[in-house]
Amino acid sequence: MDLTMLYYIVAAIALAVCTGFARSRRMVVGFASVFFVMQALFAVWTATGGAGMISSSFFTYDATGTLFMALMAVVSPFAFVHSFDYLRDNDLPEFRLYNMLMVLLCTAVSAVYFANNIAVTWIFLEATTLCAAGIIYHRRSAATLEATWKYIFVCSTGIAMAYIGVLILSSAAHEGSLSYESLREAVAHCNPLYLKIAFLLVVAGYSCKMEVFPLYTIGVDANFAAPAPAASLISTVLVNAGFVAVLRVYRLMAESAVFDWVQNVLVLTGIISLVIGALFLRRTNNYKRFLSYSTVENMGIAAIGLGIGGVAAWAAVLHVVAHTFIKSSMFLQIGVVRSIYDGYRINRLGDYMQLNRIGAAGLILGAVALLAFPPSPLFVSELMILRETMAEGHWLLVAVIFLLLCIVIYSIFSRVIKLCYHPNQSPTREAPHATWLSWSALALLGMALIIGLTMPEWLKVWISQIVNF
Amino acid sequence: MILSLIILYVVTLVYLSITERFRHYATLMTYQGWLLLLIALFRLHSIHWVDLLFVVAETLIFKAIVVPMILRRIISHTKINRVQPAGRSQFNSLMLSIAALAASACITYLVADASINQAFFCVSLYALLSGMILIVTRRRLFAHLVGFLVIENGVFLFSMAMGVEMPMLINAAILLDIVMSILMLGMFLTKIGERITADDSESLTSVKD
């Protein structure tokens, strides 16, 4: 039996422990770097040599896990590099605790990606709560304490709901094994009412990770309270973990008699998330919360894509992939903004174009990409979702999505333009590394744009494998 | 025997809805821990002895001893004794709780089939609703914490209702239950009391739009 996943988890935990007990910042950076290299090598191996292999009984290197693992392997080193600068004023214990938790978070998320068992997915999603909670509390202020308390409280309740959903699903399937493979065979003959209840509970529970309605709020609070580089991971790779968990249950349900109902639930969830995202993008006065509501909006679009099904489901996965690059780039850029202004207040910050041209250009380009203007890959995904929605004859839904996207476009552009060109009312400070940090965040955005321009064949094949079950 | 224990468990939930003193909350959590221990012993006797030992040890040590002990320490540490009434009398709380019990019974009647133990299903649903009612209707964070523990106990009961054939799932859930609850209790004991002195949910509203 292949045990690579087990070895990977054990090695990652060992590196996390070493990071947590390191005696200098240089050692922390060293251990964290070893982890990135190991993570990257593991991602490459799962995509090539290990493809399709079952590992340690509970994990499978399938297309879904491999794609999202590859995304994390690309995005997380950027977050770590930005963290080193972001935490330069922190003392050693805080610095190493933060990095240890980041390593553990990445490890737990990778286990969620590859889990082939619904209980294992659930366990590691719960584990991400523990790691993320420590990161959210990093600044040790009253606001971060409040956000951490809410995060643990709501996540635990949400995950408990999902657990009940898992129990009902397994009970309905009369299956001792909780692997997705055996459940898929069993759900075709299950009591439809149980399947509906189970799906509702699982989606509602995992919504705290996927950052969609109903438990999206704690994701927003978490991104607000966590350091910006960590928020770039929480808002992308952790959100992707929630998406993967829902996607796997969605694929299970495709074999059942309630699949149409499941799709309707996802469309409803997506629309409500889109409404919330669009409205709160106008309302919030904090750039990190602003980007978080954009995540709610984008994951809402992905949920709508899954709900519509067919080509739209393909586009939903592409949407999540593109969102990972763009949103992490935007969060890292906002981290650079903080290094110059020491704050995120939308009504006070301005003149960013004068202070950091590269950063301002990165934010404007990021906003253009986030709003799905060509050559952003989000343009392709949203166009495909809308086209499929029209083909299905849901014209009212198309009209609502268009209206909400107009609000989103206005909100995001007005806020980003305000930051770049309006008069500044906030004190500024020297940020010696701002330019090269902005360049590095821009590199992530560049990757998204390259995907949008070239749409590589391997990515198309990968996504097709994911949605063709 | 199991039915008598489950009825006693329901009584603790009803009493939880009307009590106003926090030390009564701690006492009721102790009773719930012992009741869950006995229910687990009777319900899960057919599973492998190692799994049973784990479940029993966890329920005894954690739910019946450690949690109530930490709750009592929090009470003495924060010097809080009573629930602040949130515009609802005890009579209203009792009515709400009984409505939740009736709703749980109706839902169980409508959805439960032969594969599910109806008594377990109904009571665990009632426990979940009771926990949520406690969180929504009480203002003090301590009551929210107890509400969370009641939900966790309900989930544990639910897993026993359905998970006789899946001890691995129960064990995993219990382990995480321990970790999360200790994290929350520890946070409340060491951080919340210091930073948010009023320990009122109103003081946890600075992070918002």
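The basis for the numbers below is simple: all heavy atoms, side chains too, and nothing from hydrogens, waters or symmetry mates. What you see is a predicted model; the values in this text were computed from it and never measured. Below, chain A is the first sequence line, B the second, and so on; all start at residue 1.
- The contact between F280(A) and chain B is made entirely by side chain atoms (from C-beta outward), counting heavy-atom distances below 4.5 Å.
- Shortest non-hydrogen contact noted between T157(A) and F148(B) is OG1-CD1, 4.0 Å.
- What you find for L193(A) and L110(B) is that their closest heavy atoms are CD2-O, 4.2 Å.
- To the nearest 0.5 Å, the span separating CD1 on I168(A) from CZ on F121(B) amounts to 5.0 Å.
- Within a 6.0 Å radius of CZ in F62(B), more than 12 heavy atoms belonging to other residues, nucleotides or ligands are found.
- With a 4.5 angstrom heavy-atom cutoff, N191(A) touches chain B only via side-chain atoms.
- Of the atoms belonging to T148(A), heavy atoms from both backbone and side chain fall under 4.5 Å from chain B.
- Between the CG atom in L125(B) and the CD1 atom in I164(A) there is a gap of 8.0 Å [rounded to 0.5 Å].
- The stretch residues 126-135 of chain B places L128(B), I135(B) near chain A, each with some heavy atom under 4.5 Å from a heavy atom of that chain.
- In terms of heavy atoms, V155(B) sits closest to A160(A) at CG2-CB, 3.8 Å.
- Within a 6.0 Å sphere centred on CH2 of W261(A), other residues, nucleotides and ligands contribute more than 12 heavy atoms.
- Looking at I197(A), only its side chain comes within 4.5 Å of chain B, counting heavy atoms on both sides.
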